[in-house]
Number of protein chains: 2
Amino acid sequence: MHSGVVASRSAEPRDSRESRNGSPQVDTVSLAIIEQLQQDGRRPYAAIGKAVGLSEAAVRQRVQKLLDQGVMQIVAVTDPLTVGFRRQAMVGITVEGDLDPVAEALTAMSEVEYVVMTAGSFDILAEIVCEDDDHLLDVINKRIRALPAVRSTESFVYLKLKKQTYMWGTR
Amino acid sequence: MHSGVVASRSAEPRDSRESRNGSPQVDTVSLAIIEQLQQDGRRPYAAIGKAVGLSEAAVRQRVQKLLDQGVMQIVAVTDPLTVGFRRQAMVGITVEGDLDPVAEALTAMSEVEYVVMTAGSFDILAEIVCEDDDHLLDVINKRIRALPAVRSTESFVYLKLKKQTYMWGTR
DNA sequence: CCCAGAACTGCGAAATCCGCAAGACGCGTA
DNA sequence: TACGCGTCTTGCGGATTTCGCAGTTCTGGG
């Protein structure tokens with residue numbers, strides 16, 4: 001027996017792959033690690049290990065794997081509007097037939113930061129970040145509306161970002 | 001004269017507060033630093049310094065200030081749907097009168113991750129992350145629609161997140 | 001029961017982070 | 001123009017963290 005911190009954890013089921021979904025390999029320990037990194041993406045591995053009951057090396061391994069698998073990413077986020085330039089907008093899109101080709105096309109555009117399929121009066125929501133009004137107009141009217149399966153679009157130009165957090169795990 | 005890397009920078013105007021906006025203190029060098037951290041939030045300061053032509057300590061200071069000022073945050077981001085639990089939705093809201101009180105109220109809700117004021121048929125867009133359908137229903141129907149100034153809402157339940165990046169600086 | 005694979009732990013060595021004090025620079029003022 | 005002030009930079013050590021590498025434990029399958 002080593003440090004003693006470990007003992008408590010070995011009691012619970014190691015995996016606990018979440019019951020309610022079809023997502024891959026994210027047990028409760030990794031969840032706890034993610035929560036730590038949601039609070040501070042640069043928190044040292046040792047501190048995280050202490051918080052979740054794991055050794056520094058183990059945390060490092062798991063974080064690396066989560067990164068490789070694309071389950072999470074550690075990045076700097078800003079409000080582009082605050083940083084200075086660029087126009088932003090959310091675009092609601094209704095599609096004729098299969099959503100995937102449209103979603104793929106949107107994903108391929110560098111101006112599109114965020115693409116999500118939804119249930120409701122829009123089939124897809126896409127967030128767009130542009131240089132200026134001309135650029136925004138070009139993307140929406142010339143490139144998105146040009147996609148064959150796109151039936152209609154509606155735009156919401158951003159005026160001010162009021163909140164932006166990533167703390168779903170901690171509350 | 002010291003390292004020589006500095007010389008090139010001293011040629012350009014130090015501040016270069018962006019012309020087209022009213023945002024505070026983010027010069028081109030800090031912009032470059034943010035770009036680095038958008039690629040990898042854990043990149044060492046020395047590496048960043050080499051990339052933007054600054055000393056390690058200088059980068060450290062600027063990063064700290066950007067963090068303190070709330071201009072950027074370094075965090076782990078995930079797709080909650082992928083991680084397992086929780087229901088997500090975007091809610092479009094139309095408001096009667098001043099938007100600010102409503103925006104404030106939304107910001108105060110822990111289930112609300114993202115609030116933005118927009119121009120278009122919605123006044124505010126809010127992204128919501130919930131435990132399950134009951135929780136989602138509660139937040140939308142009982143808490144958001146209960147706000148006095150809220151005229152109407154429309155919900156878009158997330159089915160699948162297709163893209164999520166933070167690379168507006170680099171393209 | 002034994003074996004293979006995966007995960008975790010415990011180190012040193014190397015790299016990084018952090019605080020500090022001194023020097024350089026930009027800018028407003030007398 | 002000269003002076004003074006605040007900000008930005010730089011260049012160190014020392015403390016901390018990261019990294020790579022075995023050895024050990026745990027799990028599941030044959």
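Numbers restart at 1 for each chain; the letters A, B, ... are given by sequence-line order, proteins then strands. Keep in mind the model is a prediction, meaning the values are calculated, not measured.
Ionic pairing of A:Lys160 and A:Asp79 is not present here: no N-O contact between side-chain nitrogen and carboxylate oxygen is shorter than 4.0 angstrom.
For B:Lys163 (side chain) and A:Val115 (main-chain N/O), no donor-acceptor pair under 3.5 Å exists by modelled atom type. At distances below 3.5 Å, not a single donor-acceptor pair connects side-chain atoms of A:Glu113 with backbone N or O atoms of A:Glu127. In this structure, B:Arg87 contributes its side chain and B:Tyr158 its backbone to no donor-acceptor pair below 3.5 Å.
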Can you give me the N/O atom pairs linking the protein to nucleotides 17-21 of chain D at distances under 3.5 Å, or say none if there are none?
from: D:dT18; atom 1: OP1; to: B:Arg42; atom 2: NH1; distance (Å): 3.1
from: D:dT18; atom 1: OP2; to: A:Tyr45; atom 2: N; distance (Å): 2.9
from: D:dG20; atom 1: N7; to: A:Arg60; atom 2: NH1; distance (Å): 3.1
from: D:dG20; atom 1: O6; to: A:Arg60; atom 2: NH2; distance (Å): 3.3

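Axis deviation across the helix from C:dC1-D:dG30 to C:dA30-D:dT1 amounts to 40°, comparing end segments of five pairs, rounded to 10 degrees.
Put simply, CG on A:Asp40 and CD1 on A:Ile74 are 9.5 Å apart, with the number rounded to the nearest 0.5 Å.
Atom CD in A:Gln69 sits about 13 Å away from atom C1' in C:dA6, given to the nearest Å. The CD1-C1' distance, from B:Ile48 to C:dA15, rounds to 15 Å in whole Å. Across the protein-nucleic acid pair, A:Asp27 atom CG and D:dC26 atom P stand 17 Å apart, rounded to whole Å. To the nearest angstrom, P of C:dA7 lies 12 Å from CD1 of A:Ile33. One atom, CG of B:Leu66, and another, C1' of D:dT7, lie 15 Å apart when rounded to the nearest Å. Atom-to-atom, CG of B:Leu67 to P of C:dC18 comes out at 11 Å; the value is rounded to the nearest Å.
Judged by distance alone, the side chains of B:Thr94 and B:Arg151 never bring a donor and an acceptor atom under 3.5 Å apart.
No side-chain heavy atom of B:Ile33 sits under 4.5 Å from any side-chain heavy atom of B:Gln36.
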Side chains of residues 137-148 of chain A: which donor-acceptor pairs under 3.5 Å do they make with residues two or more places apart or in other chains?
from: A:Arg143; atom 1: NH2; to: A:Glu111; atom 2: OE1; distance (Å): 2.8
from: A:Arg143; atom 1: NH2; to: A:Glu111; atom 2: OE2; distance (Å): 2.7
from: A:Arg145; atom 1: NH1; to: A:Thr153; atom 2: OG1; distance (Å): 2.7

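B:Lys65 has a side-chain polar atom (N or O) that falls below the 4.0 Å cut-off from OP1 or OP2 of D:dC8.
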